[in-house]
Amino acid sequence: MNNPPFKKVLIANRGEIAVRVIRACHEMGIRTVAVYSDVDRTALHVRFAHEARHIGPSPSTESYLRIDRIIDAAKHAGAEAIHPGYGFLAENAAFAQACRDAGIAFIGPPPEAMEAVGDKVRARKMMTEAGVPVVPGTPPLEGDAKDVAKAAAEIGYPVLLKAAAGGGGKGMRIVRGDDELPSLLDQARGEAASAFGDATVFLEKYIERPRHIEVQVLADTRGNCIHLGERECSIQRRHQKLIEECPSPVVDEATRAKIGELAVTAVKAAGYVNAGTVEFLRDDDGSFYFMEVNARLQVEHPVTEMVTGIDLVKAMLEVAAGGPLPVTQDQVSLRGHAIECRIIAEDPARNFMPSPGTIRAQRPPGGPGVRFDGGTYDGYTVPVFYDPLIGKLVCWGRDRAHAIVRMARALDEMRIDGLTTSISFHRKVMDHPSFKDGDLHTGFLDEHPELVSPGDDPWLNEIAVVAAAVAHFRRMELSSQQQPAARDGGGRSAWKWHGRNRGWRS
Ligand code: MV4
């Protein structure tokens, strides 16, 4: 083992991503410190880490979002560095600054770069100046509906109203003509004001049925920056990604080199260091437009790891200590195809409502090409306080078709008993002809409502088996009291109604 970049690292997160970071640290010979809220006292990340420190009550505003308590915990534990995971404080420039002020290495971009890419309007301007294509649009709009209509006519309908301070689709309105503009402008400004405290909006050309394709980048403090190919993340619902893959089914070598270079240009313009992601929208005509930079390790990073063979978390740790990138651009090559399914405690048949509860028993799949990044165990209760992600099932294959077959097989093996999960949804997607064809776009699930329709309760089969057993044993009991008894109790066996549906065996 080479010299580890740090002796001790605190992980300012919970769940599967805390476990993922702890695993990288332990392989590198780094001691780990977990932090936990009240409800997470017995969580998996606490059990895995060498040490653990309590940081407050269960609500994240009183624990995982408390900069002061996390810095305190790091100081008391003697941690030299903090990995923020994703979510919580991962893209909080004040947190990165607080780490710097405390003399603790933040395992992510410097606060200045985080701020530069965090402001959508500023980022758009910066990218335009750096020569990275952005969707045709306007600067922030101050004027009334008439001025906005003029700008819209210049761009050409349909246009999209977006909140300047926004993200995640809040305050967005599609405008298809002049007549709709005044009321939609009011709505967008109102929603932006209440969501972000800033009513400023701007216009963009609306891209119909775009693909969400993002490029993984990695930059060190020595001026080197490389890209690690793209991920396609078009299968999402209400801006929540559900399935991601690497590479994208529509990106060839030449396109990859082109968008990779654009991504590197984009993060260099922002003075970016460490791991980051540059998001693009891809139009049906093959044009790519810059959307935003995500200044963090992303949920879907494992698909890139499986196809490039590069451990992104280890690279983040090395870079944060001032070390070099693990490879040069020439040494990056994509091998095969990887798909990730997010296993979430949500009910796909009930509009993806959270379905927290206790995992009675879990059986993660395994075998060739299968990776499961999880944060739960038998008897674990998924708390209501946080994101209901149970884990990520990632399958690698020699090509996309092989990865899909693997994923279907792994989903068939997988059991999470005690609560409702997205497993059955994912299984249906793997069989869907449009998915198999790689015909993906951000409206995929709206266009294929059969994938999210109710009436396919995965428990129906289990319930049928139990009902059949109860009926059978009651009849046996009855028949033992009566004489003479027919061998099977005389009636028709309830077992026959169970049929031979796939998946009833547990
Ligand atoms: C767009 C767009 C179409 N045209 N911009 C949604 C959230 C925000 N980050 C950007 N979003 C979009 N911007 C233009 N000019 C469509 C979306 C969009 C979307 C983008 C990425 C992933 C999923 C999406 C789902 C719906 C809409």
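Residue indices begin at 1 and follow the sequence shown. Whatever order the structure lists them in is the order used to number ligands and atoms, beginning at 1.
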| task | Kindly confirm or rule out an N or O of Lys205 lying under 3.5 angstrom from an N or O of ligand 1. | result | yes
| query | atom 9 (N) of ligand 1: which protein heavy atom is closest, and how many Å away? | reply | Glu292 OE1, 3.4 Å
| Phe88 and Phe95: aromatic ring centres closer than 6.0 Å? | no
| task | Mind checking the CZ-OG spacing from Arg211 to Ser234? Nearest 0.5 Å is all I need. | result | 6.0 Å
| query | Which ligand 1 atoms does Tyr206 reach within 4.0 Å, using its non-hydrogen atoms? | reply | 3 (C), 4 (N)
| request: Return the residue, atom name and 0.1 Å-rounded distance of the protein heavy atom closest to atom 11 (N) of ligand 1. | output: Met172 SD, 3.9 Å
| Identity and distance of the protein heavy atom lying nearest atom 20 (C) of ligand 1 | Leu281 CD2, 3.8 Å
| SB check Arg100 Glu112 (cutoff 4.0 Å) | yes
| query | Quick one: is the NZ or CZ of Arg400 closer than 6.0 Å to the six-membered ring centre of Phe435, and within 45° of its axis? | reply | yes
| field | Nearest protein heavy atom with distance in Å, relative to atom 25 (C) of ligand 1 | value | Gln236 NE2, 3.4 Å
| query | So does Arg124 pair up with Glu292, basic N to acidic O under 4.0 Å? | reply | no
| message | With a 4.0 Å cut-off on N to O distance, would you call Glu214 and Lys241 a salt bridge? | response | yes
| task | Report the member of Val135, Thr442, Leu445 with the shortest heavy-atom distance to atom 24 (C) of ligand 1. | result | Thr442
| message | Would you say the rings of His432 and His448 are close, in the sense that their centroids are separated by under 6.0 Å? | response | yes
| Nearest-contact summary for atom 14 (C) of ligand 1 - protein heavy atom, Å | Leu160 CD2, 3.5 Å
| query | Is any NZ, NE, NH1 or NH2 atom of the basic residue among Glu244 and Arg231 found under 4.0 Å from an Asp or Glu carboxylate oxygen of the other? | reply | no
| Do any N/O atoms on Glu204 end up under 3.5 angstrom from N/O atoms on ligand 1? | yes
| query | In Å, rounded to the nearest 0.5 Å, how long is the span from CG of Leu411 to CZ of Arg415? | reply | 10.5 Å
| said: For atom 6 (C) of ligand 1, what's the nearest protein heavy-atom neighbour? Residue, atom name and distance, please. | reply: His239 CE1, 3.4 Å
| request: Pull out every atom of ligand 1 sitting under 4.0 Å from any heavy atom of Lys162, numbered as shown with elements. | output: 1 (C), 5 (N), 10 (C), 13 (N)
| query | Heavy atom of Glu279 under 4.0 Å from ligand 1? | reply | no
| remark: So for Ile207 against ligand 1, with non-hydrogen atoms under 4.0 Å, the contacting part is both
| Of the backbone atoms (N, CA, C, O) and the side-chain heavy atoms from C-beta on, which set of Glu208 has a member under 4.0 Å from an atom of ligand 1: side chain, backbone, both, or neither? | neither
| request: Name the closest protein heavy atom to atom 21 (C) of ligand 1, giving the residue it belongs to and the distance to 0.1 Å. | output: His212 ND1, 3.6 Å
| Does Arg256 pair with Glu232 as a salt bridge, N-O distance under 4.0 Å? | no
